[in-house]
Protein chains: 2
Amino acid sequence: MALVESNKDNCKEKFMALRDAIDVLGGKWKIYILQNLSFGTMRFKDLQERVCGITPKVLSKELRELEENLLITRTVNDTKPITVSYTLTSYAMETKVVIAALMDFGLIHRKKIKEK
Amino acid sequence: MALVESNKDNCKEKFMALRDAIDVLGGKWKIYILQNLSFGTMRFKDLQERVCGITPKVLSKELRELEENLLITRTVNDTKPITVSYTLTSYAMETKVVIAALMDFGLIHRKKIKEK
DNA sequence: CTGTATCCACCTTGATACTG
DNA sequence: CAGTATCAAGGTGGATACAG
């Protein structure tokens, strides 16, 4: 049984879709950032503390990419000093299934490997 | 609404699960290899041709990792010359949901970005 | 506070050639 | 055929310092 149907017509499109998804969500930090933002709006500093160990340079880059992919919005608050908030877009809900599926598999897999 | 429930007791466990899943399935090639093997048993050379562009060194490494994670089995065939077959394990079915979810998101996302 | 700049170590991948 | 060895190159992320 195939993981996906072997349909010649849309096979290439599906491969591209996989590549897209992995590009958008993959890497070391993206899903953790989304995860944290799923609990509510957060500032740069908050994220830096919660996404344990990430440096400002990398966090900055990751946030920019998530914003380009329409998954988060960046808001500059007119406070003193200026603060910046990051929030999930409603579109980010589309990632919910993926993240849940990854988490489920991760939980199953840890058990599986332990009994090896 | 949170992508996952905010349950302090299992939050760390879930983060670890995400990390695990990304480690096992992430990277540039793993999912494509699984995808190809989902159509049936394949030899090293076949995979190299189908997973377009992968070099033997990298393919070899990826296959070893997938085997360690119990997702594929490696079989040496007593032919002349010797051939080697790779097959999905039944456990690999557990990745089906993840791959499907990634593909769905990828398809949605491509549309979303185009209309940007 | 919210980043950016610089420098650097590492890892991953690739090209190519080669072995059993 | 099924890989491994070697070397080179690029990207990625980290440490640290600094700027607006």
Side-chain angles (χ1 to χ4, degrees), chain A residues 15 18-37 40-69 71-88, chain B residues 15-16 18-37 39-69 71-88:
Chain A
F15 272 81
L18 273 175
R19 160 64 55 232
D20 287 348
I22 294 171
D23 286 347
V24 172
L25 300 176
K28 199 168 173 181
W29 303 110
K30 295 229 167 50
I31 286 188
Y32 301 102
I33 295 172
L34 292 178
Q35 186 82 287
N36 276 293
L37 286 178
T41 295
M42 232 169 262
R43 307 218 322 252
F44 190 87
K45 189 72 181 309
D46 298 330
L47 277 170
Q48 206 185 328
E49 280 162 10
R50 278 176 169 261
V51 183
C52 177
I54 196 168
T55 59
K57 188 184 75 171
V58 176
L59 178 57
S60 171
K61 198 198 90 209
E62 301 283 298
L63 289 170
R64 225 178 298 127
E65 289 170 3
L66 289 171
E67 200 189 355
E68 279 166 14
N69 281 308
L71 292 171
I72 64 173
T73 54
R74 179 181 183 275
T75 310
V76 178
N77 306 304
D78 193 14
T79 52
K80 285 175 187 175
I82 280 176
T83 57
V84 180
S85 313
Y86 292 91
T87 312
L88 286 192
Chain B
F15 271 82
M16 279 167 50
L18 274 175
R19 159 65 56 232
D20 288 347
I22 294 171
D23 286 348
V24 173
L25 300 176
K28 199 169 174 181
W29 302 110
K30 296 230 168 50
I31 284 186
Y32 301 103
I33 295 172
L34 292 178
Q35 187 81 287
N36 276 293
L37 286 179
F39 302 134
T41 296
M42 232 169 263
R43 306 215 326 248
F44 190 88
K45 189 74 180 307
D46 299 330
L47 277 170
Q48 205 185 328
E49 280 161 12
R50 279 175 169 263
V51 183
C52 177
I54 197 170
T55 59
K57 188 183 75 173
V58 176
L59 178 56
S60 170
K61 198 198 88 207
E62 301 284 297
L63 288 171
R64 225 176 299 127
E65 288 169 5
L66 288 170
E67 199 189 355
E68 279 168 14
N69 281 308
L71 293 171
I72 65 173
T73 54
R74 178 180 184 275
T75 310
V76 179
N77 306 304
D78 193 15
T79 53
K80 287 177 187 176
I82 281 175
T83 57
V84 180
S85 314
Y86 292 91
T87 312
L88 287 192

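Since we're looking at a predicted model, the values are computed, not measured. The chains referred to below are lettered A, B, ... by the order of the sequence lines, with proteins before strands, and numbering in each begins at 1.
- Separating the CG atom of L47(A) from the P atom of dC1(C) is a distance of 13 Å, rounded to the nearest angstrom.
- Summarising the geometry, the separation between NZ on K61(A) and C1' on dG14(D) is reported as 12 Å, rounded to the nearest angstrom.
- Rounded to an integer number of Å, the gap from L63(B) CG to dG3(D) P is 8 Å.
- Going from atom CG of L37(B) over to atom CE of M42(B) covers 6.0 Å, rounded to the nearest 0.5 Å.
- Projected onto DNA chain C by closest heavy-atom contact, P56(A) and K28(B) fall at different nucleotides, the more 5' of which corresponds to P56(A).
- Using a 4.0 Å cutoff on non-hydrogen atoms, no part of residues 78-87 of chain B comes near DNA chain C.
- As a whole-Å value, the separation of L59(A) CG from dA15(D) P is 14 Å.
- Residue K57(A) contributes atom NZ, which lies 6 Å from atom C1' of dG13(D) at whole-angstrom precision.
- Looking at V24(B), L34(B), T73(B) one by one, the single match for side-chain contact (heavy atoms from CB on, under 4.5 Å) with L66(B) turns out to be L34(B).
- Note: CG (D46(B)) to C1' (dC1(D)) measures 11 Å, nearest angstrom.
- We find that CZ of R64(A) is positioned 13 Å from P of dG13(D), with the value rounded to whole Å.
- Salt-bridge check for R64(B) with E68(B): failed, with every basic side-chain N at 4.0 Å or more from each acidic carboxylate O.
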